[in-house]
Amino acid sequence: MIREKINRSPLFYIGDKYKLVREIKTYFPDTINRLIEPFVGGGSIYMNVYANGYLLNDINTHVVDIHRFLCSFIGREENFYDLIFKIIHKYGLSCSYEEDIVPTTLKQHHMKTYYARFNKEKFNRLKTDYNHSKERNIAELYILLIYGFNRMIRFNSQGDYNLPVGNIDFNQNVYNALSNYFSINATKRPRWFNQDFRRFLGDIDYQKDDLIYLDPPYLITFSEYNKLWNETLERDMLQLLDHMNKENIKFAVSNVTHYKGKENSLFIVWSQKYNRHPITSNYISYHDSTIKKIKEVLVTNF
Ligand SMILES: C[S@@+](CC[C@H](N)C(=O)[O-])C[C@H]1O[C@@H](n2cnc3c(N)ncnc32)[C@H](O)[C@@H]1O
């Protein structure tokens with residue numbers, strides 16, 4: 001049997017569902033009218049699920065700005081690449097997709113860190129220019145994401161992007177992820193929202209066969225966006241899902257119930273009312289003795 005290709009989001013989002021989407025979608029209904037994602041992040045679920053329409057939301061304005069920005073180039077992708085490569089050339093960053101310009105001596109002396117060493121100053125100049133510009137340039141932000149540490153998006157309390165350079169550049173994988181993203185979104189034509197999930201879900205006029213897929217921050221794991229999450233928000237989400245259930249609206253929600261000795265008892269107790277499907281965890285590392293102590297789950301009301 002030929003395995004279906006899974007598309008990677010060009011946001012390379014930390015904690016994404018790229019590796020789990022194949023498993024998760026086996027529990028989705030055959031027919032989905034609109035796929036509604038209140039915590040869309042990089043978008044690895046919607047990119048790989050067929051529906052008639054897509055309503056996609058995240059509270060992180062930078063993430064939604066990047067999605068909207070990329071989508072604005074659908075049908076004129078060459079303009080996007082022109083813009084991106086112009087900035088890459090302006091700062092002299094390496095771009096292994098186009099050409100390998102890192103000197104051999106640097107590679108020999110620093111086998112594991114040569115991209116970071118080559119790009120560090122150039123990246124810092126771009127970061128300073130981005131942070132100082134009055135109107136923030138989303139193309140520059142996307143390049144910071146691609147060249148930045150762990151491909152994360154992080155801003156300090158003054159609103160400045162503040163990650164150091166990473167050890168990777170614009171390579172063939174980035175190009176492939178972008179070109180897939182453009183062709184997928186040309187047919188999907190998603191609608192983007194930038195709201196708190198309660199407001200976003202509250203404003204929708206639900207239709208037959210809509211599916212809400214939720215991938216919230218997890219209360220008991222550690223991630224950048226988990227700082228945005230707490231027990232009150234988790235309770236609000238669970239209450240909202242009970243309400244959706246009463247209204248016969250289908251939902252599927254991902255969560256981690258056990259993590260290195262911690263338990264999300266709030267979620268565990270709540271989920272007993274619905275169907276629970278164990279999911280092979282993203283967090284499992286084969287060098288890690290904690291393998292059996294992490295449990296990831298998908299809960300559905302259908
Ligand atoms: C686990 S990530 C989603 C990852 C996504 N499934 C993917 O594959 O890339 C959770 C997301 O929830 C967003 N988020 C956190 N609090 C939120 C809130 N109150 N309302 C909406 N989105 C929120 C975060 O910005 C983050 O992008």
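In each ligand, atom 1 is the first atom listed, and ligand 1 is the first ligand listed. Scope of the values below: all heavy atoms of this structure, side chains included, with no hydrogens, waters or symmetry mates.
Atom 19 (N) of ligand 1 has Asp196 OD1, 2.8 Å as its closest protein atom, hydrogens excluded (heavy atom only). Ranking protein heavy atoms by distance to atom 4 (C) of ligand 1, first place goes to Asp215 OD2, 3.3 Å. Ranking protein heavy atoms by distance to atom 15 (C) of ligand 1, first place goes to Pro217 CG, 3.5 Å. The closest protein non-hydrogen atom to atom 8 (O) of ligand 1 is Ser44 OG, 2.5 Å. Nearest non-hydrogen protein atom to atom 9 (O) of ligand 1 is Gly42 N, 2.9 Å. In terms of protein heavy-atom proximity, atom 20 (N) of ligand 1 is closest to Phe197 N, 3.0 Å.
If you run ring pair (Phe, Tyr, Trp, His ring centres under 6.0 Å) between Phe182 and each of Phe73, Tyr175, Phe80, only Phe80 comes through.
Comparing heavy-atom distances from atom 22 (N) of ligand 1 across Asn48, Thr221, Ile59 singles out Ile59 as nearest. Counting heavy atoms only, Asp58 comes closest to atom 26 (C) of ligand 1 of the residues Asp58, Asn57, Leu11. One option in Asn255, Val40, Asp236, Asp16 has a heavy atom closer to atom 5 (C) of ligand 1 than any other, and that option is Val40.
Taking the charged nitrogens against the carboxylate oxygens, Glu37 and Lys17 have no contact shorter than 4.0 Å, which rules out a salt bridge. Ion pairing between a basic and an acidic side chain is recognised when a charged N comes within 4.0 Å of a carboxylate O; Lys122 and Asp169 show no such pairing. A salt bridge does not link Arg125 to Glu121: none of the charged nitrogens lies less than 4.0 Å from a carboxylate oxygen.
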(message) With salt bridge (Lys or Arg N to Asp or Glu O under 4.0 Å) as the criterion, how do Asp242 and Lys273 come out once you've worked through the C-alpha distance, each side chain's angles and the decisive distance to 0.1 Å?
(response) CA-CA 9 Å; Asp242 286 338; Lys273 296 181 263 186; 2.9 Å; yes
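At a 4.0 Å cut-off, at least one heavy atom of Leu228 sits close enough to ligand 1 to count as contact.
Here is the list of ligand 1 atoms found below 4.0 Å of a heavy atom in Pro38: 21 (C), 22 (N). Atoms of ligand 1 lying under 4.0 Å from any heavy atom of Gln195, numbered from 1 in the order shown and given with element: 20 (N), 21 (C).
No N or O atom of Trp229 sits closer than 3.5 Å to an N or O atom of ligand 1. Considering backbone and side-chain N/O atoms, Tyr18 never comes within less than 3.5 Å of an N/O atom of ligand 1.
No more than 12 heavy-atom neighbours from other residues, nucleotides or ligands sit within 6.0 angstrom of CZ on Phe149.
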